[in-house]
J.: 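If you scroll down you'll find the structure; I have some questions about it.
Predicted model only: the values in this text are computed from it and were never measured. All values below were derived from every heavy atom in this structure, side-chain atoms included, with hydrogens, water molecules and symmetry-related copies excluded.
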Amino acid sequence: MGNKNKNIFLLTILLLVVVPTVFAQDAPPPPAQQGPPQLPVDGGVIALVLAGLFYGIKKSLKKK
């Protein structure tokens, strides 16, 4: 093997080792963002309206 062939052989081996190593190093993915809680904002509004309605009916019946 001549000196030129030896250098090409070493360069080829070096590239076969270095290139996959460089491409295999990837940054870790960012942490997943958490969504908002799945609770309804106005969950007790209907119960509150019904309680007020019954209270109002009770008060108006007591007045009579």
Side-chain angles (χ1 to χ4, degrees):
M1 254 194 200
N3 196 16
K4 186 175 180 181
N5 287 339
K6 188 176 182 181
N7 287 341
I8 292 174
F9 179 74
L10 288 176
L11 182 64
T12 304
I13 296 298
L14 183 66
L15 285 175
L16 288 176
V17 171
V18 171
V19 171
T21 305
V22 169
F23 282 108
Q25 295 178 356
D26 192 16
Q33 293 184 0
Q34 295 178 348
Q38 299 298 319
L39 301 174
V41 175
D42 54 356
V45 172
I46 295 174
L48 185 63
V49 168
L50 289 176
L53 185 65
F54 286 128
Y55 181 73
I57 292 172
K58 182 180 173 184
K59 280 294 213 177
S60 66
L61 288 178
K62 255 189 177 178
K63 262 189 179 177
K64 292 183 180 183

J.: Within this structure, what is the CD1-CD1 distance for the pair I13 and I8, rounded to the nearest 0.5 Å?
T.: 13.0 Å
J.: Mind checking the CG-CG spacing from L11 to L16? Nearest 0.5 Å is all I need.
T.: 9.5 Å
J.: Using side-chain contact (heavy atoms from CB on, under 4.5 Å) as the criterion, list what pairs up with V19, not counting sequence neighbours.
T.: L15, F23
J.: Do L53 and L61 land in one hydrophobic cluster if side-chain heavy atoms of ILVMFWY residues count as linked below 4.5 Å?
T.: yes
